[in-house]
Structure formats: structure tokens, C-alpha cells
There are 2 protein chains.
Amino acid sequence: MIMDLMYINNNILKVGGGGMINDIRSRIDVAAGRKKAELVLKNCRIVNVFSSEIIEGDIAIEGGKIAGIGKYEGHREIDMNWKYAAPGFIDSHVHIESAMVSPVQFAMEVVPRGTTTVIADPHEIANVRGLDGIKYILDSSEAIPLNVFIMLPSCVPATAFENSGAELNAKELKELINHNRVLGLGEAMNYPGVINGEEGILEKLNLAKGKIIDGHGPMISGTDLNAYVAGGIRTEHECSSVEEMLDRLRLGMYILIRQGTAAQNLKDLIRGITKENVRRCLFCTDDKHPDDILMNGHIDNNIRLAIKGGIDPIAAIQMATINAADCYKLRNIGGIAPGYRADIVIIDNLKDFNIEEVFKNGELVGHDKKALFDTNNFVQDYSKVSNTVKAQKISPKDLKMPLKADVVNVIRVLPHSILTKKAVRKVDTENGNFKINKNLDILKMAVIERHKGLGNIGLGLIEGFELKNGAIALTIAHDSHNLIVIGDNDEYMVKAANEVIDIGGGIVICSGGEIKGTLKLPIGGLMSNESMADVNKILHKMLEVAYTELKMNKEIDPFMTLAFMALPVIPEIKLTDMGLFDVESFSFMEICLTEAE
Amino acid sequence: MIMDLMYINNNILKVGGGGMINDIRSRIDVAAGRKKAELVLKNCRIVNVFSSEIIEGDIAIEGGKIAGIGKYEGHREIDMNWKYAAPGFIDSHVHIESAMVSPVQFAMEVVPRGTTTVIADPHEIANVRGLDGIKYILDSSEAIPLNVFIMLPSCVPATAFENSGAELNAKELKELINHNRVLGLGEAMNYPGVINGEEGILEKLNLAKGKIIDGHGPMISGTDLNAYVAGGIRTEHECSSVEEMLDRLRLGMYILIRQGTAAQNLKDLIRGITKENVRRCLFCTDDKHPDDILMNGHIDNNIRLAIKGGIDPIAAIQMATINAADCYKLRNIGGIAPGYRADIVIIDNLKDFNIEEVFKNGELVGHDKKALFDTNNFVQDYSKVSNTVKAQKISPKDLKMPLKADVVNVIRVLPHSILTKKAVRKVDTENGNFKINKNLDILKMAVIERHKGLGNIGLGLIEGFELKNGAIALTIAHDSHNLIVIGDNDEYMVKAANEVIDIGGGIVICSGGEIKGTLKLPIGGLMSNESMADVNKILHKMLEVAYTELKMNKEIDPFMTLAFMALPVIPEIKLTDMGLFDVESFSFMEICLTEAE
């Protein structure tokens, strides 16, 4: 009971609170014109998401909230010269870890681009450190100029065919379900489990009763889809077609239109939007990588693309603001009106849609896409999520791959995709073990369990990378985030893997036995403590090494692709720390062909 | 702390709950087609409020909730023959007491007409019995086939110029604010208090932080309106013009389009609806009298009139369903989709809009506007809200009205209105006291304090009733609900008033000294324990007496009009238990003209 109470919404048991009443009074005084506001943004073209109009006027701000709209005077006044003022944008579904930086460093890049609220599903760090991982995201985002809400990861571990760092059942999740920034249960990826009524996932769905439950159920339809929704699942970000979108809209799901780095569904899905159903559509990014955020933007990019694609600008802005607030029942967020948080984005015009300034709780926090806040001002304690690589260092014998025959199953990587195909190839062997043939594009890959030092090493073969004379190792490997390493030489692979172990997690690229690039990701082995720009610089250099020194296939981003080679829910064939996995039959398989094949 | 916990949402501290998990599993099993549903409504034209379409299909129901939409089999199947199936309607703002019956009797008439959820503001009974009054509404509606949510009355007492039965400050309201059927704070009628930042109302606004706060702020605009909204007020049902409506929509308020008995704003306000803003518009009745409900309907009437007025039928239904659910953050109510409560209305067509059948939690509860449930099955304990008339019986000397002069201020009643005008008249006096002149239409009126037996009697004169040879007394007198009595003879007035006191509250009509009609309203002196139809019959008979025996002005409904003669917030001149009241100057006034006048 006491444990629950610690995380119960502070507001429930509080009343009176003189400070809060004074805040209300102060705001009312300003709104009524009895006193000057702390700040007035004058001469705005306000994007009114309630009435779908552009309203000209001043925005008076007091105590971090909007006090009044109209004609106001302030102690500070900023003339907006009739630029457009919209509510701060909401990313309705995002994995902050995919940006490879801490929450405050993430904020440093997305906030000046207009995103003032995110609804994050921290299942990456939860797979590494369980509840401590989630608490790290919550605690390290408490005071930053970005509203971070959390959906409790529902699928940790993702499957029974890999070892992750934690197991979060309903019993564990109960501790956080009533935190005031936890909105519900994260994407229920185990949709077969929901549809089949499995006890474990049902316990989690029940825990989230009365809150929101996110979905991840692509391609299902008919009675399966009804069953999925009947479990209480109310949002879907995995639609790739208008047909999927309409099926789900009709069953009461909100559609989260995704523009991520790998997954870009916006162009297709906006064709399914109508004046009548747009209120049930939101925007999200899901997974967006540093380079993509820095070059293209964040939710502002979703809006910009939608407008280019013919969506009414105000409707596009509603999708990024009030619609998400409605879906997730966020209060005082998502609109420009008295009482709402003063999270305001200033935009040049509704065609080019360049973000010029961003206010958060009435403070100017971004100008021309540069953060005006200092990340050093925010205490960052990641001690509970560091030193997360517990694997013992390896030696070449750990990578020995005994083969009974020389015709083998190989993972064939597809360009610009996280899907793989099964390929059957003939390989060289020596003393009954796999032997690399430098003329063949078949590399060894290993997935090394790294959370508990179990010693598991899953081995497989992979083609498509065209990597020569080197190795790459990293601890980003969805969803269990074990240590994945690829190479054409066992010694190089050992060097790369052991360096990753030494630095406590990250990405390492080896060329000819020499470490040529290192990205430290000390936070869970997933996130850097540095800025997104610095991380991006290092990644670019490492990509340079991959393409020019290791002569890699330029159609493939090695880090992004490797990060999905251990994900046993995406077809067709993957590798976990427990071995080679056939996604179609959802079971392990041999490297060598069996007699029957 | 313990007191708060008693009313904390049960769900917060519960997890697991095998029964609830089995419910989810059962529903999923049905949705997936693995087992037959308890009930299937076959061949429906489903009004889809999410996608704004009519979708043909079956509705599978299990455990009181909708399990699936499509093609389903059930243990029971009802062929709807392609009639329209809509979600149960939501009255977003209503005073149940105005229907003059208990919650279950109210349900008996509104549920078969399609209303399955109401959001009630019980300020009438709260003015009589405070928290006990609110608890009565909550407890007596716990198990009935109508979802009753409550907004805690924010203005008890309404003003300082009358004595009501209770005083509900933030301190008192705190006990109920976290009840799982309390959604927030009721209509903030004291809008001057809000706009001026008065401590008392601000404490209540603060108590409701994070919940919804209803508004009641007609006619205010500009900085006043901004100040009102800045206090956290998010809904408005008192709009009478499109201009008011748009002003408020733009500041983020939801507009509750009202079709009540006295106040009928629908015809005007629907002209302000657009495709873009309709999502922020809801329907309500506010105050609807028995005859009006029985003859015209309830929220079905709002929808019917809107359709007649040119509003798209699906949009009109959305206003009565999903829009209200969004505004009040109701979960699993307001749509037809898996997981939603099986509250379903069957309608003949979207033009005539006759309600044929109503299902509540999957049970058939209404057919052809007749309830199929027995009110006797619901335990009705109104012991805490009975015996609420504590006034001592009166005698003619209590009604003596000393007059210094014979030119006096008189309350002039206007037909079809609750507004009054000040009139100045010359009257007869005898021995320095008012004397009735049977040729003049000037009657005596008294407001007798009846909650605590204080002995207060406010006296005044009133014209417009044209009542002859009789008296009318009742304990419905907004908002304090003291005992109001009118007549052309002190003895008759005493007879009527004392009969009301004897029966524990109600309406009594006297003709020539003889009691000719009695409506007992033992619940708080406001509500009958009988059916709405029986109450209506008695009211009709009493109206008959009023018009034919007492020769009353037929342009005036005596009971409705008298019920507003003690309301000191509606202009121009009113009477409370503390005396004659000038609403314009918001202060008491003399019956006799002062020297200066």
C-alpha cells in the first residue's frame, strides 16, 4: 500500500494548497486585465485548434500558463509580427532511446523544433534494466522543458526466445501504473497473446483498466482485430495502408500516423483522412534516429509533409496537438486558451512551416531550431542504468561455429528494410567448423547475452552487408539489446565485442583489427550522455569507415540493420542469444539444413 | 486520509482481480469467434460515431459490453431488421430534481427514450441537505440502468441573500471529489466571484484541478470571459446566441446545446455548428419537467430537433454520444465498439428518429418508450433526505405586511419567462398593513425559511398571476428551496403553507380555503417517490384547479414561475426568506418606496 501511495498522483490527496490558489488568482487577475502579464506575445496569428480558425490577437502568459487571448499588456512584450502561433506539438508514440541520447539531450533537439510533449514507451531501456530503466526515464525527464509521459512497456521481454535484462509482469508494473506521468500500457506487441486470451498479457491489460492501452497489431483484421480491440486496445501506429487505418478507425481506435526513420507511413495514410475522421488521427515518430531528427525534423516534419500532401494546415496541427490530448486525456495541453500550459510554437507560415521560436511554460526555449536552455542545468543521474554490460569478454573459440554439412541457412538482409529472407548457401568448412571465404558475401554474426552474464552466444550467418576486413559490434539489438557482432574475421569480431564490453555498451567498428570508431552508450548500452549532434558526428564517421574502409554495401545502414537482426517478431529469419530463429514457424532452427530440407 | 481513501476510485489500488480478467478473456473469446456471444443484435445499421459512417453488421455482446462488430453468433439473437443502432445518449448537464422524481423513476422515463448516461449537478438537493443530498443521488443511482455521474455543486448556497439548508465549501466537497462517479465541479454560477478571484470559489476550482469544471457564465465576453476560463472552466450550457457560442468555443470551452423546458436554445445554437467545430458541441437538457419529458422526450428530442434543423444525423448523434464522452473523459461510453458498454439505442430511421428499443449493459431495458425494468427492484433509501421541512406552522399574523405608505414596489411576472420586472403600484392598506383589493391583480407572496426553522419569512407583493380566491404553496424555490406561498387571502395562504409543512414538502393548491390538490415531494421537498407519470397526472389536475377555479392567467405556469421567484440571481426583482431583493443592485429593497423614489 505504501509503495503504491508513493506513486499515486500527488493531486489526489491534496486540497487547498495556497500556492496553487494564488496561481489561479494571479492568472485570473491578468486575464481580467487587472494586472499586467509576466509576458505577452503580441500580434499573433493564433492557430485555434478548437474552432479551426486563425484568430489574430495577443497571448498573455502568467505563471507558465496562458491567461488570456485578445488585447493584453505585459511586463515583457514580444511582437510576433503576425507570425503563426500554434500549441506545442505532441509526439503520441516515441522510443526516446532510438535517438541514442538521454531525455534532456533529446529535448535539446526536439523542443526547438516545436515538440513540447512526448508520450514515450521506454521498452528499450526496460528490456535492459526493468523498472529501474523506466524510472530513469521518468526521473531524468521530471524537470526538463519537455513534457514526458510514459506508457508502461507491455512486452518485456518481447518473446520467450531471447534473454533480456528484465521481466515485467503485471506484478512489477503495478508499482508505476499510478505515477502521475504514466498514462497507461505501452504497445501490446504480443497481439497473438491478446487475441488468444493469454493470462500474462491479460493481467497487464487489466492493470491498465481505466487508462489508455496502445496497440501494435499490424495486418490483423476481422474477428482477430475485434478480439484485439476487445482487450481494451485503443491506438494503432502500425498501419501501413488506408484499408488497415479505416478498419481500425471504425472499431474506435485512434490512428497514430507515423513518420519515423525506418517506418514512414504518413504519405500513404493521409489519403485516408476525412473532415469527419481527422479528429481520431494523431501524429507520431516511433523511432527516429539522430541524423533524421537533425536533418528533417520531428513532429514538425509530420505536419510539414502532411501540408505538402494536401492536408489542411489547421487539421494537420490539430493532429499534432488537440487530437493527441483528447486521445491520451491530457489536461491543459494541446491548445492555446486560458488555463492551458504556455507551450507555444511560432511558425513562419503554414506552407513552409519553419519553426522559428518555441515557448515552454512561457519560457523561450528554442530559437531557429537551437535550444536556449543548458542541458547542464538538469541533474542527470543514470547510475541505476549504467554498467549494464555484464557479458564476460570473449575469445575466438567462443565464435567457433561447428557445421555438420556445408549447405547452410543464411540470413539474407534486404536493403532499406528490417525484414530478412531465408537463403540457402554453400560455404567453406575447416575441421568441421565454418570458415570464412573472402570471395563470398557471407559473414558470421553472434548475439552475446549481456544482461546477466549467462554466457549464451547465438551464432548465425548473414549476407548482404558486403563487409570486408573488419567487424562491427553494438549493444542496440531490438528488443532484448544483447550484444550483436558481425565480421569476416573472428579476431576482429572479438576485438570489437570486447571493446563494447569495456566501454559499458555502445557501437564499435573495427577495420583490419584496429578499432576505428567508438560510440560510447553508457546509459543502458543504448544512449549516450553527449549531445545528439555529437553522437551524429561520431555515427557519420563510423559510417564513413564502414563504407570506405570496410567497403560495405552502401544500400545498407549497418547500425540500423544490425539493430534489427535479433528481433524475432519481424520475419523471416533472425538470430537471438539463444540461436537462429525462424519467425514464420516461430521456433528455433539449425544453421545446417536438416536431412529433409 | 482514511476518509479520502473511502471515496478513492476503487480501481486505483486494485490489480489482478481474477473476475475482471475472466471478463476480458470471455469478451476476447467471443470477439475472436471462439465462442457464441451471450447476445447478438443481428443486421443492424450501426451509427459509427468514430468514422462518421453507417456500417451494416451484427453487434456481439458479452458480459454487458460489446465484444465484436461484424458477423457473429449468439446464444440469444435478435434480428434488428436493419434498424439503426446508435450508442446510448448522454445528457451532459441535468438537474434530476427538476423532473420531480427520484433517480430510478427518472431513469424509468429517460432510459426508454435512449438516454443511458447523465451528468447531473444535484445542487437542488444539495441546497436542502448538503453532502447527504449528493450522497442520496449517488447511492440511489448506483445500481439503476442509467449511468449517473455527478458534478459537485459549486454554489451552495447560491448567494448570501437567502438561507439554504447547507453550506458546501471546498472543505466539505473534498470528501466526495474522488468518488468514482464524480467528474468534477458543477456549474460555476458565481461567475463574478470567479472573475474577481474570490477565495471561496477559487478554493473549489483548485479542488477540482485535473477534473472538469462546468460553467454558467452567460453574456460575459472579452477580458471577463478570459478570466472565467482562466479559472479552469471548460463547459458552457448558458449560451443563447451563436456569438456567445463562438466566443466560448474559441477559448476552448465545450458548448452544451440546451433544450430544456424553460430554456430552449437549440434552434438558435445549431446555426453556429460547423463540420470543424461540431466535435466541441454536446447536448444537454438542464431542467426538464415531467410533462415535457413525457410528451416531447429527452436527449432524443435534442437530436430529433437538430436533424429537423438541418444538422447531419450522424453529427447530431455524435453530439449526444462521443463528444460528451470526450469532454467528460468517460471511458467505454459513447460509441459502439469492442470493449464499450453495451448501451445501445435502436431507432427507426434517421429522419423521424423514434426510439424503438434501448439496451443497457446488454439488457433490454426499454421498448417503445416503456421501461422494461421494475423500479421496485431498486432499493430506495431516502431517509437522509426526508423530513426536510423544519419550518414551524404559520398563522395569519405571520403574514401581516406593515406598510408606511400605499405606493409600493411590486414584482411583475412576465409570461413564459423567469425574469421579472419592477412595478410601482398603489395599494390598499388597513391599520397600517397591506390589504388585498380583489379588483387589483396584486397578491401577497411569502418565502418561509424551512431548513432550520429559523423563523424567517420574507414578504412581498406580486402581479401577473391573476389568481382569485385561493393560494398555492410549494417547497421548490430555486435555489434555496424554501417554502414559497402566494395567495389573495392570508387564511388560504396559511392553510396551503401548513399543509406543505405537514406533508414534509411538496406542492399544495387551495381554492376558497379548501385544499384542492396535493403533490407530496417527500424527497428533500423536491422529489416524489412515485412515477413521473403519476406526478404528471397530479400536476395536470392542479393546473386545472389553478386555471379554472383560481382563474389564473393561462400564460403563466404557476408552479414553474413560483419556483423562480426566490432566485436572486435572475433579474429584476425577487423575494427570498430574508426579504425583497433588487437583483440589479444586488441588495435588499423596501416594499414601500423610499422618500427619494
Side-chain angles (χ1 to χ4, degrees), chain A residues 1 4 8 11-13 15-17 20-21 24-25 27-29 31-33 48 50-53 55 67-70 170 174 178 194-195 197 202-203 205-207 209-210 222-224 226-227 229-232 246 249-252 274-277 279-280 326 329 331 335 337-340, chain B residues 1 4 8 11-13 15-17 20-21 24-25 27-29 31-33 48 50-53 55 67-70 170 174 178 194-195 197 199 202-203 205-207 209-210 222-224 226-227 229-232 246 249-252 275-277 279-280 326 329 331 335 337-340:
Chain A
M1 177 85 136
D4 296 320
I8 281 181
N11 286 333
I12 290 179
L13 299 170
V15 82
M20 291 197 280
I21 294 178
I24 301 174
R25 180 176 292 112
R27 183 163 68 244
I28 290 174
D29 283 344
N48 193 309
F50 308 109
S51 63
S52 289
E53 301 169 304
I55 306 279
I69 312 282
K174 182 181 170 191
N178 290 310
V194 174
I195 293 166
L202 251 55
E203 281 177 354
L205 298 177
N206 185 54
L207 180 69
K209 268 188 74 158
T223 50
D224 279 351
N226 272 277
V229 178
L246 294 179
L249 273 169
R250 286 168 182 145
L251 289 185
T274 66
K275 277 197 185 222
E276 287 81 12
N277 72 21
R279 67 191 272 190
R280 306 289 293 188
D326 278 354
K329 305 196 193 303
R331 296 174 193 102
Y340 277 72
Chain B
M1 175 83 134
D4 296 321
I8 281 179
N11 286 332
I12 289 176
L13 298 170
V15 82
M20 291 197 281
I21 293 177
I24 301 173
R25 180 177 292 112
R27 183 162 69 245
I28 290 174
D29 283 344
N48 193 310
F50 308 109
S51 63
S52 289
E53 301 169 304
I55 307 278
I69 312 283
K174 183 183 170 190
N178 290 310
V194 175
I195 292 166
E199 184 78 15
L202 252 53
E203 282 179 353
L205 298 178
N206 185 54
L207 180 69
K209 268 188 74 162
T223 49
D224 279 351
N226 273 278
V229 177
L246 295 179
L249 274 169
R250 287 168 181 145
L251 289 183
K275 277 197 186 222
E276 288 80 12
N277 71 21
R279 68 191 273 191
R280 307 288 292 187
D326 277 355
K329 307 195 192 306
R331 296 177 194 99
Y340 276 72

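Reminder, nothing fancy here: chain letters follow the sequence lines and each chain counts from 1. FYI, side chains are in, hydrogens and waters are out, and symmetry mates aren't considered; it's all heavy atoms of this structure. Just so it is clear, the model here is predicted, and its values are computed rather than measured.
Scored by the salt bridge (charged side-chain N to carboxylate O under 4.0 Å, His left out) test, B:D224 finds no partners at all (sequence neighbours excluded). Qualifying side-chain hydrogen bond (donor to acceptor under 3.5 Å, both in side chains) partners for B:E199, counting only residues two or more places apart in sequence or in other chains: A:R25.
Annotation: A:K329, atom NZ; neighbour count of heavy atoms from other residues, nucleotides and ligands within 6.0 Å is above 12.
Of the listed residues B:G68, B:G339, B:A31, B:G222, the one with more heavy-atom pairs under 4.5 angstrom with chain A than any other is B:A31. Options B:A337, B:S52, B:A230, B:G252 differ in how many heavy-atom pairs under 4.5 Å they form with chain A, and the most are formed by B:A230. Chain B forms the most heavy-atom pairs under 4.5 Å with one residue out of A:G232, A:G335, A:G231, A:G70, and that residue is A:G231. With respect to chain A, the highest number of heavy-atom pairs below 4.5 Å among B:L246, B:L249, B:I195 belongs to B:I195.
Of the atoms belonging to A:R280, it is side-chain heavy atoms, and not backbone ones, that fall under 4.5 Å from chain B. Only the backbone of A:A67 comes within contact range of chain B, with at least one heavy atom under 4.5 Å from a heavy atom of that chain.
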- Task: Could you give me the CA-CA distance, side-chain angles and deciding distance for A:I28 and B:L202, then say whether side chain to side chain contact (heavy atoms under 4.5 Å, CB included) is met?
- Result: CA-CA 10 Å; A:I28 290 174; B:L202 252 53; 3.7 Å; yes
- Task: Apply side chain to side chain contact (heavy atoms under 4.5 Å, CB included) to the pair B:N277 and A:E53, showing each step before the final yes or no.
- Result: CA-CA 10 Å; B:N277 71 21; A:E53 301 169 304; over 6 Å; no
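Considering OH of A:Y340 and CG of B:L251, their distance stands at 10.5 Å, rounded to 0.5 Å. Atom CD of residue A:E276 and atom CD of residue B:E276 lie 9.5 Å apart, to the nearest 0.5 angstrom.
At distances below 3.5 Å, at least one donor-acceptor pair connects side-chain atoms of B:N48 with backbone N or O atoms of A:R250. Counting only distance, with no hydrogens or angles, the side chain of B:N226 and the backbone of A:I69 share a donor-acceptor pair below 3.5 Å.
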